[in-house]
Structure formats: C-alpha cells, structure tokens
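Some notes on the structure that comes next.
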Amino acid sequence: MTEEGGGAVGEEVPEELDPVRRAALARQLLRALRAHCAGSRAEPRGSLARGTADAYSDIDLLWVVPDGRFADCAAAVPGLLGTVRDVAFLRVDPELGNSRGRRLIFVDFAGLPLFWRLDLEIVAQSFAGLPGYDQDNPAARSDDWSRPASALANAVAAVKALLRGRPETARGLLERGFARIGAVDTLSGDWFADITRLAEAAAALEPARGPLAGRVVRLAADHRPELGRRG
C-alpha cells in the first residue's frame, strides 16, 4: 500500500515526525527480516524507495522469501517485529489472508506516530515477479478481518490527507470508513468532529479497538489547528 509525499514546501515538521527516526526504524526492520530467513531479501518500496516520502509517509517494505519458508516467515512476523519495537496492533489484509504465496500485513508500533504504519508485503520467491498475485483469488481470502480497525485506519489516513492539503481525499476516506462499519453518517465539515465520531463509532462496535480509537482521537486533536485551517 504505497503512497506519495506531498507536504507543503518549507512546512515545519514536528520533532516526533522527524523522518530520520523513521528511516532508522526502517533500517532496523529490514535487518531483522533479512537475518531471520537465509536466502530472503527485504527492501523498501513506495515513497521511501523513491525518495519522495514526507513526514507523514508510512513504511512500505517488501520481503521476498524462499517458497518453502513462506508460511513460517509469515507466522513469525509478530514476534520478529517485536524484537525491533513493541507492536501495538497488527492486522492482515483479508484479500490475502489464506494465500499460499503472498501476504500483506499492517502494523502500528507502540510509541510511534500512527502515520508511520508498517505495510509489509511478504511474497514467496516463485511469485515475486507476478504483481497482484492472488489478489482476486477467492480461495486466498480470509474472513478474519476487523471492519472497525479498517475504519480507524481510514481515519488516520484522513488526518494525513488533510495535513497534505487534500480535503477531498479525506472526505472520501471518512465516508468509506463510516460505510465500512455500517454507520449512517453525514459529514459535518468539522474535520476534528467527523474523525472523532468515526473513531468512537468504531470503538463502540468493537470495544477491543478502544485503545486504538483513543490514539486516533488524540492524533486528530494534536493536529486540530491544521485540520481546521486546511479543511
């Protein structure tokens, strides 16, 4: 799940969003992945690889592993990443949850900005040259998926879009977030209120997502002046 940068030129970046910290984390993650599986390769993708990342860009990594190690490498991800940084939340893209050769895992780390989510794609070597492998294969799909967690991811992405000066993108993300959890809602145009309402609705539907929802609301509150000015 790649993304482009696009923050305003000359924009002051908060210290906690220093890209140097994110780059250091990405290097640590890549070293851990490579060390875990002999014969594998791990590399950055998307805006980090292209050098176009801004302070809000997430961490996109690709891990290509030997075919015979795919299953155990995928299973090892939670513990493996935990050796680098405590994992606050992890979910697997349901479109590839049962794929025998490709997996997409989303990870939020404790104590780091929600913007810096890790999107880790794991691919068996034989399928590395086949973009989109298993994407539309019904047999690869898993039902183990949290709609509220997905809606919360949309809320974070909406904050990011607003900080990048993309209100229409933010509006679409919020509308899809509400739809994902079956909530009938009309956006008010008050970005902070809309994001907070989506987070609270997601937590109400699935209380286990309460801590993540709280982080989303705090994120929006921390950037509330920018949201209002750009929304």
Side-chain angles (χ1 to χ4, degrees), residues 1-6 17 19-110 112-137 139-142 144-146 149-150 153-154 156-157 160 164:
M1 203 174 273
T2 59
E3 62 180 52
E4 296 289 345
L17 291 175
V20 174
R21 294 179 62 219
R22 181 186 56 211
L25 173 62
R27 288 194 297 271
Q28 288 179 288
L29 293 169
L30 289 169
R31 283 197 296 268
L33 294 170
R34 293 165 184 153
H36 178 78
C37 181
S40 71
R41 77 173 194 271
E43 58 196 40
R45 301 194 312 162
S47 58
L48 288 183
R50 293 189 296 269
T52 59
D54 64 13
Y56 312 115
S57 296
D58 56 19
I59 302 171
D60 286 320
L61 302 182
L62 171 67
W63 191 21
V64 180
V65 302
D67 292 4
R69 296 290 310 278
F70 175 78
D72 64 91
C73 283
V77 165
L80 178 58
L81 298 181
T83 66
V84 177
R85 184 95 188 189
D86 287 343
V87 172
F89 186 65
L90 180 150
R91 59 193 177 97
V92 178
D93 184 342
E95 295 295 329
L96 300 168
N98 288 325
S99 173
R100 293 181 294 176
R102 186 167 169 243
R103 203 67 48 84
L104 183 58
I105 300 176
F106 308 118
V107 182
D108 292 314
F109 291 103
L112 288 179
L114 284 172
F115 296 134
W116 293 356
R117 184 182 76 180
L118 169 64
D119 291 6
L120 175 63
E121 183 176 3
I122 310 171
V123 183
Q125 179 65 54
S126 292
F127 308 116
L130 302 173
Y133 172 76
D134 255 354
Q135 193 65 49
D136 298 315
N137 179 5
R141 184 173 177 81
S142 166
D144 185 14
W145 179 245
S146 166
S150 180
N154 274 38
V156 173
K160 185 183 299 190
R164 289 171 168 167

Side-chain contact test, heavy atoms from C-beta onward, threshold under 4.5 Å: evaluate it for [X] versus [Y] and give yes or no.
X	Y	result
His36	Cys73	yes
Arg91	Trp145	yes
Val156	Phe115	yes
Leu25	Arg22	no
Trp63	Val123	no
Leu104	Leu120	no
Leu61	Asp119	no
Ile105	Asp93	no

- Stepwise, does the side chain to side chain contact (heavy atoms under 4.5 Å, CB included) test hold for Phe106 with Leu90? CA-CA 6 Å; Phe106 308 118; Leu90 180 150; over 6 Å; no
- Item | Residue list, salt bridge (charged side-chain N to carboxylate O under 4.0 Å, His left out) with Arg41, at least two apart or on another chain | Glu43
- Query: For Arg102, what residues pass the salt bridge (charged side-chain N to carboxylate O under 4.0 Å, His left out) criterion, not counting sequence neighbours?
  - Reply: Glu121
What is the minimum heavy-atom distance between [X] and [Y], and which atoms define it?
X	Y	value
Phe70	Ser99	CE2-O, 3.5 Å
Gly97	Val92	CA-CG1, 4.1 Å
Leu33	Ala42	CB-CB, 4.0 Å
Asp60	Gly46	OD2-CA, 4.4 Å
Ala38	Pro66	O-CG, 3.8 Å
Pro44	Leu30	CD-CD1, 4.0 Å

- For residues 67-82, pull every pair meeting salt bridge (charged side-chain N to carboxylate O under 4.0 Å, His left out), keeping only residues two or more places apart or in separate chains. Arg69-Asp72
- Message: Applying salt bridge (charged side-chain N to carboxylate O under 4.0 Å, His left out) as the test, list every pair that has at least one member in residues 77-86; sequence neighbours left out.
- Response: none
- Message: Between Leu112 and Arg21, does the side chain to side chain contact (heavy atoms under 4.5 Å, CB included) criterion hold? Intermediate values first, please.
- Response: CA-CA 10 Å; Leu112 288 179; Arg21 294 179 62 219; 3.3 Å; yes
- Rounded distance [0.5 Å steps], CG in Asp54 versus NZ in Lys160: 8.0 Å
- Item | Reported CG-to-CZ distance for the pair Asp134 and Arg103, which is rounded to 0.5 angstrom | 9.5 Å
- Message: Would Leu114 and Phe89 count as a side chain to side chain contact (heavy atoms under 4.5 Å, CB included) here? Give the steps.
- Response: CA-CA 10 Å; Leu114 284 172; Phe89 186 65; over 6 Å; no
- Task: Could you list the residues that satisfy ring-ring contact (aromatic ring centres under 6.0 Å, His included) with Phe127, not counting sequence neighbours?
- Result: Tyr133
- Evaluate the criterion side chain to side chain contact (heavy atoms under 4.5 Å, CB included) for residue pair Leu118 and Asp58; output intermediate values, then yes/no. CA-CA 6 Å; Leu118 169 64; Asp58 56 19; over 6 Å; no
- Working for side chain to side chain donor-acceptor pair (under 3.5 Å), residues Arg117 and Ser57: CA-CA 8 Å; Arg117 184 182 76 180; Ser57 296; over 6 Å; no
- Query: For Arg141, what residues pass the side chain to side chain donor-acceptor pair (under 3.5 Å) criterion, not counting sequence neighbours?
  - Reply: Glu95
